[in-house]
**Student:** 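Would you mind keeping the following structure in view while I ask a few things?
It should be emphasised that the depicted structure is a prediction, and the values quoted were computed from it without experimental measurement. The chain is numbered in sequence order, starting from 1.
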Amino acid sequence: MHDEWVEPTARVDARPGLGLLHPPMRDFYADREQVLRDGIAHLRAAWAAHPEDRELSGLIAEFVTQDEDFARLWTEREVSVNGRGRKLLRHPVAGAITVDFEVLLPLQDPGLRLLIYRPADEESRASLERLCAR
């Protein structure tokens, strides 16, 4: 039922942020460079807020040594938290899907992030509904 591209290894599945670095996901985002840049800027913001977090620091060190795109963008030192935007996805079965996203911060636990993705147009909504019906 699932295509091979979405079947991450247990290690990838359990590790935050690795999805963009997972080779089968490299073509999933039409603007991978910007999505990766935004993700790294978010990660840097989390790292700045929790510099004592050894696990997070270790994860970043691992990404820097294992992915040249990550290493290049990490050295730019960009820090940001983008609360909303639009992404164009390239699904291997459904084709192009455009989603709008929002990042919400729960008041009771501002260290958490809730990501909400919605289809940006009717064509994307129909494609997502077809995928859900599979």
Side-chain angles (χ1 to χ4, degrees):
M1 182 172 207
H2 293 284
D3 296 304
E4 185 175 317
W5 72 276
V6 292
E7 296 278 346
T9 65
R11 180 179 166 95
V12 170
D13 198 21
R15 308 283 305 262
L18 208 54
L20 275 173
L21 305 180
H22 189 54
M25 294 297 293
R26 288 199 176 266
D27 293 328
F28 185 70
Y29 294 98
D31 190 359
R32 180 182 183 274
E33 176 78 13
Q34 188 60 51
V35 171
L36 188 56
R37 183 178 296 282
D38 291 346
I40 291 170
H42 279 262
L43 185 59
R44 186 173 281 285
W47 181 65
H50 304 283
E52 74 291 344
D53 188 328
R54 290 183 186 177
E55 188 174 336
L56 180 58
S57 295
L59 188 65
I60 291 165
E62 182 179 331
F63 289 168
V64 166
T65 60
Q66 292 185 359
D67 188 272
E68 68 182 47
D69 289 334
F70 186 95
R72 174 179 51 83
L73 293 171
W74 185 258
T75 61
E76 292 181 9
R77 303 186 185 279
E78 187 176 335
V79 177
S80 76
V81 177
N82 184 5
R84 62 180 47 152
R86 179 169 281 190
K87 293 181 183 179
L88 176 59
L89 313 175
R90 285 187 239 159
H91 191 278
V93 174
I97 298 173
T98 304
V99 295
D100 291 324
F101 71 90
E102 287 186 68
V103 180
L104 304 177
L105 307 173
L107 292 175
Q108 297 299 320
D109 196 344
L112 295 178
R113 304 286 185 266
L114 175 63
L115 300 164
I116 299 175
Y117 289 88
R118 300 182 301 280
D121 52 50
E122 284 306 313
E123 185 178 335
S124 296
R125 179 180 308 282
S127 293
L128 290 169
E129 287 173 357
R130 281 192 306 275
L131 285 174
C132 288
R134 288 182 63 191

**Student:** Is atom CD of E76 surrounded by more than 12 heavy atoms (other residues, nucleotides or ligands) closer than 6.0 Å?
**Tutor:** yes
**Student:** Do Y29 and L88 touch side chain to side chain, with heavy atoms closer than 4.5 Å?
**Tutor:**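 Contact flag for Y29/L88 side chains = no.
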**Student:** Between P119 and L128, what is the shortest heavy-atom contact and its length?
**Tutor:** CB-CD1, 3.9 Å
**Student:** Roughly how far, to the nearest 0.5 Å, is NZ of K87 from CZ of F101?
**Tutor:** 5.0 Å
**Student:** Can you list the residues that meet the side-chain hydrogen bond (donor to acceptor under 3.5 Å, both in side chains) rule with T98, with sequence neighbours excluded?
**Tutor:**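 None.
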**Student:** Can you list the residues that meet the side-chain hydrogen bond (donor to acceptor under 3.5 Å, both in side chains) rule with Q34, with sequence neighbours excluded?
**Tutor:** D38
**Student:** Taking the side chain as C-beta and beyond, is there a heavy-atom pair between L105 and L112 under 4.5 Å?
**Tutor:**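 Not in contact.
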**Student:** Of all residues at least two apart in sequence or in a different chain, which pass the salt bridge (charged side-chain N to carboxylate O under 4.0 Å, His left out) check with R86?
**Tutor:** D100
**Student:** Mind checking side-chain contact (heavy atoms from CB on, under 4.5 Å) for L115 and listing every partner two or more places apart, or none if nothing turns up?
**Tutor:** V103, Y117
**Student:** Sequence neighbours left out, what passes side-chain contact (heavy atoms from CB on, under 4.5 Å) with A61? Give chain and number order.
**Tutor:**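 Per chain and number, A61 pairs via side-chain contact (heavy atoms from CB on, under 4.5 Å) with no residue.
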**Student:** Who are the side-chain hydrogen bond (donor to acceptor under 3.5 Å, both in side chains) partners of R130, not counting sequence neighbours?
**Tutor:** S127
**Student:** Could you walk me through whether R134 and V93 pass the side-chain contact (heavy atoms from CB on, under 4.5 Å) check?
**Tutor:** CA-CA 11 Å; R134 288 182 63 191; V93 174; 3.5 Å; yes
**Student:** Roughly how far, to the nearest 0.5 Å, is CG of D27 from CG of L89?
**Tutor:** 12.5 Å
**Student:** What's the shortest heavy-atom distance between A49 and P51, and which atoms?
**Tutor:**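 So the minimum-distance heavy-atom pair works out to C-CD, 3.5 Å.
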**Student:** Can you list every salt bridge (charged side-chain N to carboxylate O under 4.0 Å, His left out) pair that touches residues 44-54, not counting sequence neighbours?
**Tutor:**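 Pairs touching residues 44-54 that pass the test: none.
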**Student:** Mind checking what makes side-chain hydrogen bond (donor to acceptor under 3.5 Å, both in side chains) contact with W74, not counting sequence neighbours?
**Tutor:** none
**Student:** Return the set of residues passing side-chain contact (heavy atoms from CB on, under 4.5 Å) with E33 (not counting sequence neighbours), or none when no residue passes.
**Tutor:** D31, R37, R72, L73
**Student:** Heavy-atom distance under 4.5 Å between the side chains of L59 and W47, does that happen here?
**Tutor:** no
**Student:** Mind checking what makes side-chain contact (heavy atoms from CB on, under 4.5 Å) contact with I116, not counting sequence neighbours?
**Tutor:**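 side-chain contact (heavy atoms from CB on, under 4.5 Å) check on I116 returns L104, L114, R118.
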